[in-house]
Amino acid sequence: MPELPEVEVLVRHLAPLLHDRTIRAVLVRRAKVLAPTSARSFAQVLRGARFGSLARRGKYLVFELRKSGRREPLPLVGHLGMTGRMYLLPARTPLPTHTAVVLHLGCENFVFEDTRYFGRLTLDTSALDRLGPEPLGERFTMARFSRALGRSRQAIKVKLLDQSLLAGVGNIYASETLYRARIAPTLPALKLTTPQAKRLWHAVRAVLREAIACGSTVPLYYAGRGLRDGLFYFGRAPGAPDFYAERLRVYDRAGRPCRQCGTLIRRRVQAARSTFYCPRCQRG
Ligand SMILES: [Zn+2]
């Protein structure tokens with residue numbers, strides 16, 4: 001499931017490809033992903049609009065469009081959900097089965113494909129209002145982070161997934177961050193000592209930065225259906241080397257030795273999600 005680094009890499013990939021392109025026509029195959037925008041107003045508003053900047057906010061893609069006769073830029077908000085993919089496809093290529101939305105750009109189509117339809121592509125921006133600071137941004141200060149942790153009895157792993165605390169960290173990077181900071185995932189947030197909170201603040205930034213750098217240089221997600229077809233792709237393509245999994249220290253490594261101490265990595269369920277940790281390195 002894509003988190004902040006994957007979305008950041010996708011945004012950097014798509015931004016220059018979409019810039020200045022005009023939406024000639026709109027095809028909605030799954031109106032669910034537009035909610036609460038209706039298919040009719042979605043098509044009406046976007047037809048004739050031109051792509052401007054593209055930015056990331058948490059796990060959201062924020063497309064800014066321009067339309068003649070409109071002074072204000074038009075925001076379009078995307079979220080990949082569990083299985084969403086967004087990419088450009090030559091106009092003559094048949095659309096994939098799980099295509100949710102197509103924006104026709106002339107000789108190419110911008111395709112939003114989602115096998116489970118948990119993703120979003122909508123004109124509604126309210127989800128962005130609920131997001132906390134960007135972990136790599138200036139507003140995410142150590143003082144603010146420590147204060148927020150001090151007010152929560154939730155296990156620190158669960159708290160890290162709270163998008164109002166910091167935006168963009170999901171299940172994978174929460175486990176990776178706690179391992180790096182050597183903190184037990186079950187420790188209540190308010191029990192963290194000041195040195196632990198500091199380590200965690202540094203760790204989350206380092207883990208995300210590394211993942212972005214890695215995603216920008218490793219072509220793994222640009223492979224689809226077993227081929228390097230140039231499409232941004234989540235999930236491992238059959239036969240593709242799994243650089244991504246090799247890079248993770250604890251996530252999905254239950255029963256395998258910790259790279260630091262050799263103890264077997266454990267998995268436990270917290271708030272219905274898997275947590276991976278080293279019981280020896282993460283005793284604090
Ligand atoms: Zn260990």
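We're numbering straight along the sequence, starting at 1. Each ligand, and each atom within it, is numbered from 1 in the order the structure gives.
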Query raised in the report: Can you name the salt bridge (charged side-chain N to carboxylate O under 4.0 Å, His left out) partners of Lys159, sequence neighbours left out?
Result: Asp162
Query raised in the report: Could you give all pairs that pass the side-chain hydrogen bond (donor to acceptor under 3.5 Å, both in side chains) test and reach residues 270-281, with sequence neighbours left out?
Result: Lys157-Thr275, Arg267-Ser274, Gln270-Thr275
Query raised in the report: Looking at Ile23, Thr22, Leu105, which one forms a side chain to side chain contact (heavy atoms under 4.5 Å, CB included) with Arg50?
Result: Thr22
Query - Cluster check Val102, Leu89: I/L/V/M/F/W/Y, side chain < 4.5 angstrom - result: yes
Requested in this report: May I ask you to determine how many protein N/O/S atoms are under 2.8 Å from the Zn ion (ligand 1)?
Outcome: 4
**Report entry** side chain to side chain donor-acceptor pair (under 3.5 Å) between Asn109 and His104, worked out
**Finding:** CA-CA 5 Å; Asn109 287 327; His104 299 282; 2.7 Å; yes
Report summary line: The side-chain hydrogen bond (donor to acceptor under 3.5 Å, both in side chains) partners of Glu134 (sequence neighbours excluded) come to Arg56, Arg57
